[in-house]
Amino acid sequence: MNLRGPLVEVGEPREVETRYGERSLAEVTLRPERGTADPVTVTLWGKWTHAAEHAEPGMDLLVTDVDESEYKGETTYATGKESFVVVEPDFLVDVTDIRSWVQCSRMYYLNKLSGIPLNYPVVKGTIVHDVFGDLLRGRDLDSSIDERIEERGLELGLLGREVEEVADEVRRNAAAIEGWLSQGVLTDEDEWRSEYTLISPTFGIKGRADALRRGSPVELKTGKNLKRDPRFQDKIQAAAYALILDERGVPVDTGTLLYTKNTTLDRTEESGDLSPAKDFSIGRGLLEFVVRTRNEIAAMEHDVSVPTGYESNSKCQYCFEKDTCMVVSGRLGQESKAGAIGNPVSEDEREYFDRFYRAIEEERRAVHDEYRKLWDQTAEERADDDRAIIGLEPLGREERPDGTWELRAKKTDDAVSKLREGDVALASDGHPVEGHAELARIVELGEEVVVTTDEPVPLRRLDVYPSELTVDRLLTALHDAILKGSPDRKDVLFDRRAPDFSDRSAETTYIDNNEAQDEAVSLAIDADDLALIHGPPGTGKTYTIARTIRALVEDGNRVLLSAFTNRAVDNALEALRDQGFESIVRVGTESGVREDMLDVRLSRSGDPNTLASALHDAPVVAATTATCGSRVMREQSFDVALVDEASQLTEPGTLAAANLADRFVLVGDHKQLPPVVRAENDLQTSLFQRLIESHPDASVMLDRQYRMSQRIQAFASAEFYDGALRPATGEVAAQHLRDLGIGVADLPDETADPVSFVDPDGRRVGNTNPVEADRVAEIVAAYEAAGVDADDIGVIAPFRAQVAEISRRTDVTVDTVDRFQGSSKEVIIVSFVATGDLDGPLFEDHRRINVALTRAKKALCLVGDADALESDPFYDRMLQWARR
DNA sequence: TCTCTGCTCAGAGGA
């Protein structure tokens with residue numbers, strides 16, 4: 001039996017006399033999540049007292065295989081022979097993090113904070129691993145080496161490496177692998193599989209094993225190890241995989257480490273061992289050590305504290321990270337085993353760092369929650385959540401020339417999901433955690449689903465695979481900005497001085513028919529630190545961005561163009577190309593970049609020199625902010641970073657782009673949607689908003705909109721832009737459905753006015769309102785009957801459930817507000833769903849309504865419950881405007 | 001019971 005629940009009391013470990021001699025114990029009290037609500041006390045014996053030393057009340061504790069016994073009429077609980085004690089099991093620790101914590105707790109922290117920069121040993125190690133996987137899948141060595149090196153062309157180029165020298169080195173490593181493999185593989189006794197993704201709900205560990213041989217983990221290390229035994233941290237890494245395999249009912253008693261740099265030349269007195277492979281036994285003790293180490297990490301992360309280095313037996317003497325470690329401690333005023341050097345950053349920077357560090361870690365928890373749903377939710381719940389495609393019928397599998405597999409399956413329903421072609425997903429036999437699952441790349445997602453995997457699996461289910469990548473990149477952006485950022489830049493960010501401007505634009509006119517746009521370009525050109533361009537709906541933001549970039553390049557600047565979404569990056573690029581500017585390099589994944597921009601996309605794969613110079617020499621480089629935090633992009637530097645959709649970015653997200661440049665220009669509208677974050681924290685306010693509020697002088701608002709008729713824009717202008725937003729031309733202001741050939745007489749009375757309100761007298765059911773959905777469909781039909789093209793009509797609803805409800809009744813585009821941001825339609829119908837009152841956070845943020853109301857060009861129809869809308873002053877004003 | 005995009009995934013090493 002397992003016991004699990006939040007700790008209410010944690011006792012001190014103490015020594016007691018037992019009939020087996022002196023033993024240590026600690027008593028902890030937890031409130032079991034299942035069964036009785038009464039707290040129960042569990043005695044932790046021996047080394048499990050370690051958990052009591054690290055855990056605190058409030059943390060979750062899991063004790064597996066509890067010993068239950070009766071003592072004086074009461075049931076008592078204690079750890080038994082088979083027990084494991086897990087602190088905060090929901091916190092998922094990476095196997096590699098356990099490995100680095102074993103090396104040094106401080107190294108774990110440093111790796112997390114600063115990321116691992118682009119360096120040759122790491123890239124080479126990755127290539128050797130890839131080749132290893134290929135060999136296991138029976139691929140020819142030479143072709144594998146050629147292709148795997150080519151795949152890393154960009155990184156190798158940036159590191160100034162030539163293909164031949166890398167190939168030589170990889171070949172030497174591969175020879176060791178091949179020699180060793182041939183001994184086992186040929187006997188037919190070895191059963192191999194490569195790249196195994198493992199997640200453990202019980203132990204809160206996730207990771208990916210290089211390979212399994214007869215069910216035992218094999219880890220490849222391209223470093224040198226001349227000792228007889230494997231390095232301790234390497235053993236721990238393999239043992240962690242063994243622990244997860246054990247949980248899945250596959251007992252593992254050995255592990256193998258393969259040190260590919262060991263050759264016959266390295267024979268020493270001590271080793272006397274020619275083989276690169278070192279087997280070691282994995283006993284209970286090692287597994288317990290893995291869990292205890294993992295517990296230390298989880299406990300520390302629970303209160304977001306910072307390790308000092310004293311947590312582990314590390315010696316700073318030989319550490320490669322010693323200097324970095326001391327600098328970080330010095331700058332952030334942290335206690336550290338290595339000591340500290342350099343000057344601390346200012347008090348407010350320190351406070352900022354801590355605040356955002358916590359906020360980002362909170363987001364990490366949100367990612368962990370997504371993992372938990374993989375095993376907590378049923379398949380049907382996952383599917384309803386759009387996070388899985390279930391009920392797939394396997395159609396076949398085919399081994400590809402490179403030894404990987406292509407799996408096909410048929411969809412049995414037309415359910416939608418978040419999954420898209422090009423995504424990484426978890427392909428499984430129906431059970432993504434306890435069953436057989438493989439990390440897959442989605443190739444095709446139609447009637448038929450096609451994915452590629454390293455090993456075959458019956459494709460019955462496909463799950464979204466959560467990733468901590470974004471969170472990790474926010475952390476490195478924060479690190480780079482505060483610890484490595486120029487003091488001058490930080491003076492502005494921390495409000496110690498106002499942004500400076502020089503008159504570089506002089507009398508130049510950049511845009512001659514729109515004063516605000518022209519002023520915005522000038523401001524960006526003149527900015528010595530930063531410039532802010534505030535672009536309300538339809539004000540020609542993208543055009544202005546393109547003109548600004550051209551002007552910056554003409555002035556001799558190298559420019560980084562960035563935005564949160566791929567869509568925004570590509571839109572801006574499109575505008576730039578429309579203006580005849582083609583000296584662009586787009587960095588991003590093939591599936592992320594829009595098709596018409598693939599011709600300027602920089603491939604990662606190819607000749608190192610060619611790729612590196614293509615990136616280096618480009619006057620304009622475009623990438624999402626997430627990509628700006630990648631190893632490749634962190635090596636780049638720019639004169640100016642221009643960030644679109646900046647009001648939808650968190651501060652660290654914006655900094656990821658700004659960090660790469662001397663100056664930055666942010667474009668956005670803080671009156672529209674804020675950043676999407678799960679937790680309520682500091683990440684909710686964008687840097688754009690903070691700066692525009694503290695430095696209005698550094699901003700220009702584009703005040704003429706080219707989208708909406710006068711009648712439609714009036715409310716948003718008054719409510720959100722102090723009445724400053726106005727139609728760019730008389731034509732824009734006066735546009736009407738009749739321009740599309742639709743007469744008022746063709747429309748029902750209720751929608752005859754360009755802005756109308758309809759109350760269908762429906763009732764909210766959960767997040768839907770079926771009656772309202774019916775009515776919305778009728779209204780759509782009426783517009784269509786009057787002659788409006790279906791492509792010109794859009795429906796917006798606050799909830800996804802209502803979006804689905806309406807979608808079933810019509811063929812026009814129906815979407816949530818969030819997904820509609822950035823686009824527009826001739827006719828927009830908004831479904832409010834709410835009846836009775838406007839309870840719910842969605843209605844509280846009026847910015848969302850601003851977006852919904854400003855998508856329409858010629859006609860806007862609001863559909864909702866008058867009583868509910870009248871109950872709130874803001875919505876009441878909206879109604880008065882609509883009913884005018 | 002709210003909205004939801006990014007990103008190859010995670011791991012690749014140095015003595």
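In the text below, chain A, chain B and the rest are named by the order of the sequence lines, each starting its count at 1. When reading the values below, keep in mind they use all heavy atoms of this one structure, side chains included, and skip hydrogens, waters and symmetry mates.
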When the distance from [atom1] of [X] to [atom2] of [N] is rounded to whole Å, what number comes out?
X        : N      : atom1 : atom2 : answer
A/Met107 : B/dA12 : CE    : C1'   : 15 Å
A/Leu110 : B/dG14 : CG    : C1'   : 15 Å
A/Tyr371 : B/dC7  : OH    : P     : 17 Å
A/Leu474 : B/dC7  : CG    : P     : 13 Å
A/Asp323 : B/dG14 : CG    : P     : 19 Å
A/Asp210 : B/dC9  : CG    : P     : 17 Å
A/Phe320 : B/dG14 : CZ    : P     : 8 Å
A/Asp130 : B/dG13 : CG    : P     : 12 Å

Students often get this wrong, so: under 4.0 angstrom with heavy atoms, is [X] touching a base, only sugar-phosphate, or nothing?
X        : answer
A/Glu370 : nothing
A/Arg847 : nothing
A/Tyr465 : sugar-phosphate
A/Glu195 : nothing
A/Asn119 : base
A/Glu155 : nothing
A/Arg99  : nothing
A/Leu673 : nothing

Assess the side chains of A/Lys221 and A/Gln237: does a donor N or O sit below 3.5 Å from an acceptor N or O?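 Judged by distance alone, the side chains do pair up.
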B/S/- contact track for nucleotides 1-6 of chain B, protein heavy atom under 4.0 Å: BBBBBB
Salt bridge present between [X] and [Y] (N-O < 4.0 angstrom):
X        : Y        : result
A/Glu635 : A/Arg631 : no
A/Glu381 : A/Lys373 : no
A/Arg172 : A/Glu169 : no
A/Arg604 : A/Glu151 : no
A/Arg294 : A/Asp97  : no

Backbone N or O of A/Ala626 within a donor-acceptor pair of the A/Arg473 side chain at under 3.5 Å?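 Judged by distance alone, yes, a pair lies under 3.5 Å.
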Counting N and O atoms only, with roles assigned by atom type, does the side chain of A/Tyr875 sit under 3.5 Å from a partner on the main chain of A/Ala868, one being a donor and the other an acceptor?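 Here the side-chain-to-backbone pair does not exist.
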Under 4.0 Å between a side-chain N/O of A/Lys221 and OP1 or OP2 of B/dA12, yes or no? yes
Using only side-chain N and O atoms of A/Tyr196, determine if any of them is under 4.0 Å from OP1 or OP2 of B/dC9. no
Taking for each residue the nucleotide of DNA chain B bearing the nearest heavy atom, is the 5' side occupied by A/Val95 or by A/Tyr318?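 Looking at the nearest nucleotide for each, A/Val95 comes out on the 5' side.
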DNA chain B: A/Thr126 or A/Arg231, which has the more 5' nearest nucleotide?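 It is A/Thr126 whose nearest nucleotide is closer to the 5' end.
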Watson-Crick or G-U stems of DNA chain B, 3 or more pairs, under 3.5 Å, by first number: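 The stems that DNA chain B takes part in number none, since no run reaches 3 pairs.
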Examine the base of B/dA12 for any acceptor or donor lying under 3.5 Å from a partner atom in the side chain of A/Arg152, and report the outcome as yes or no.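 No pair found.
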Are A/Arg193 and A/Tyr196 in a cation-pi contact, defined as NZ or CZ under 6.0 Å from the six-membered ring centre and within 45° of the axis? yes
Mark yes or no: A/Arg365 above the aromatic ring of A/Phe91, with NZ or CZ under 6.0 Å from the six-membered ring centre and no more than 45 degrees from the axis. no
If you only use heavy atoms from C-beta on, which nucleotide in B/dG11, B/dA12, B/dA10 is closest to the side chain of A/Thr96?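 The closest nucleotide is B/dG11.
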Nearest 0.5 Å, what's the CG-CG distance between A/Leu478 and A/Leu113? 7.0 Å
If I pick the P atom on B/dG11 and the same atom on B/dA15, what distance separates them, to the nearest angstrom? 23 Å
